[in-house]
Amino acid sequence: MSNRLSGPERRETILSAAQGLFARKGFHGVSIDEIARAVNVSPAILYRHFDSKQALYEAVLEKFSGQRQSYVDTIVNHGTRFEDALAGMTQVYIKNIAQNPDILRIELHSLLEGNPATHAFFQNRWKSFTDYIEFGLNEYLPYDLPDREKIILSAGLMFQGMVREVLIQKCLQPQDRLIDLSLHELSHELVNLFLHSIGINKTQLSRKATISD
């Protein structure tokens with residue numbers, strides 16, 4: 001039986017190898033020749049599937065797009081209260097990254113490299129969080145609160161940074177100084193701390209919203 005790969009199978013093999021290399025070295029740190037060697041084909045074969053390294057990079061991002069989380073289902077399943085829905089969204093997001101840390105690695109490389117396609121892609125991944133927080137706080141905070149708009153915008157940015165830092169610590173650090181706390185436990189505490197910081201003083205989220213393994 002022949003072991004020759006079909007066109008779609010070869011394309012998927014190239015994508016998988018490119019994803020791992022881009023995650024480890026960034027866009028500029030990887031050459032077409034290196035990707036071709038990783039899948040044991042010539043650069044000419046690789047170019048049959050992708051016109052350029054940029055096209056291959058964008059195909060990797062498109063593959064990630066197919067794994068995008070459904071926060072609509074999350075809100076339905078976890079309740080419509082702001083705090084419960086936010087906890088549910090966080091749970092879905094961290095599980096996705098924990099299962100595929102390459103997404104986070106490529107995001108961090110992109111912040112340094114400034115690739116326009118990557119920058120827009122990852123901004124969009126976080127947009128669900130920031131939009132939801134801005135919408136929720138716009139409904140929750142008093143309209144006469146001083147610097148109300150600045151607080152709302154800053155809160156979304158703060159939560160994004162907190163989630164990203166937890167994921168870096170638990171998914172990328174070779175030595176986890178918080179090894180006694182699971183990713184889910186840390187994320188649960190993160191949500192509670194964030195809620196407390198914006199004046200929602202809940203000691204416990206509802207059962208549906210609890211982050212669990």
Taking all non-hydrogen atoms of both residues into account, name the closest pair between Ile168 and Leu104 and its distance. N-CD2, 3.8 Å
Residue pair Val163 / Trp126: nearest heavy atoms and the distance that separates them: CG1-CH2, 3.7 Å
Under the side-chain contact (heavy atoms from CB on, under 4.5 Å) rule, what do Leu157 and Leu153 come out as? Steps first, then yes or no, please. CA-CA 7 Å; Leu157 183 62; Leu153 293 174; over 6 Å; no
Same cluster or not: Ile151 versus Phe82, using hydrophobic residues (I, L, V, M, F, W, Y) connected whenever any side-chain heavy atoms lie under 4.5 Å apart? yes
Kindly give the heavy-atom pair with the smallest separation between Ala55 and Asp51, and that separation in Å. CB-N, 4.1 Å
Euclidean distance, Ile45 CD1 relative to Phe50 CZ, rounded to 0.5 Å: 13.0 Å
Distance, nearest 0.5 Å, that separates CD of Glu185 from OG of Ser182: 3.5 Å
Treating Glu134 as the side-chain partner and Gly156 as the backbone partner, does any N or O pair qualify as donor plus acceptor under 3.5 Å? no
OG1 (Thr13) and CZ (Arg11) are apart, to the nearest 0.5 Å, by 11.5 Å
Under the criterion side-chain contact (heavy atoms from CB on, under 4.5 Å), I'd like the reasoning laid out for Glu83 against Val191: C-alpha separation, chi angles, the key distance, then a yes or no. CA-CA 8 Å; Glu83 54 267 37; Val191 172; 5.9 Å; no
Nearest heavy atoms of Gly20 and Asp102, plus distance in Å: CA-OD2, 3.9 Å
So CG of Leu108 and CD1 of Ile103: to nearest 0.5 Å the spacing works out to 12.0 Å
Please verify the inter-ring angle class for Phe64 with Phe121; under 30° counts as parallel, over 60° as perpendicular, anything in between as tilted. tilted
Indicate whether any N or O donor in one side chain lies under 3.5 Å from an N or O acceptor in the other, for Gln54 and Glu58. yes
Give me the ring orientation class for Phe129 and Tyr93: parallel if the planes are under 30° apart, tilted from 30 to 60°, perpendicular past 60°. perpendicular
Walk me through it: do His184 and Ser187 pass the test side-chain contact (heavy atoms from CB on, under 4.5 Å)? CA-CA 5 Å; His184 298 290; Ser187 300; 5.7 Å; no
Is there a path of hydrophobic side-chain contacts, each under 4.5 Å between heavy atoms of I/L/V/M/F/W/Y residues, joining Met158 to Ile94? yes
Single-linkage hydrophobic cluster, 4.5 Å side-chain cutoff, Leu145 and Phe194 together: yes
Same cluster for Leu86 and Leu193 if Ile/Leu/Val/Met/Phe/Trp/Tyr side chains link at under 4.5 Å? no
N/O donor-acceptor pair under 3.5 Å between Lys170 side chain and Leu181 backbone: yes
Starting at CG of Leu183, measure out to CD1 of Ile97 and round the result to the nearest 0.5 Å. 10.0 Å
Take Thr130 and Phe159, measure what side-chain contact (heavy atoms from CB on, under 4.5 Å) needs, and give me the verdict at the end. CA-CA 8 Å; Thr130 55; Phe159 190 76; over 6 Å; no
Here the pair of heavy atoms bringing Ile198 nearest to Tyr140 is O-CE2, 3.8 Å
Using the side-chain hydrogen bond (donor to acceptor under 3.5 Å, both in side chains) definition, which of the options Gln123, Arg164, Arg125 pairs with Glu107? Arg164
His109 side chain near Phe22 side chain, heavy-atom distance below 4.5 Å: no
Flag yes if more than 12 heavy atoms outside Glu149 fall under 6.0 Å of its CD atom; otherwise flag no. no
Please name the pair of heavy atoms, one in Arg148 and one in Leu137, separated by the smallest distance, quoted to 0.1 Å. NH2-O, 3.8 Å
Using modelled atom types only, decide if a donor and an acceptor are shared between the side chain of His49 and the backbone of Ile14 within a distance under 3.5 Å. no
Rounding to 0.5 Å, atoms NZ (Lys63) and CD (Gln19) come to a distance of 5.0 Å
For residues Val166 and Leu111: do they belong to one hydrophobic cluster (side chain heavy atoms under 4.5 Å, members Ile, Leu, Val, Met, Phe, Trp, Tyr)? yes
What residues, two or more places apart in sequence or in another chain, satisfy side chain to side chain contact (heavy atoms under 4.5 Å, CB included) together with Ile32? Pro43, Leu46, Tyr47, Lys53
Stepwise, does the side-chain hydrogen bond (donor to acceptor under 3.5 Å, both in side chains) test hold for Thr118 with Tyr57? CA-CA 9 Å; Thr118 321; Tyr57 190 66; 3.1 Å; yes
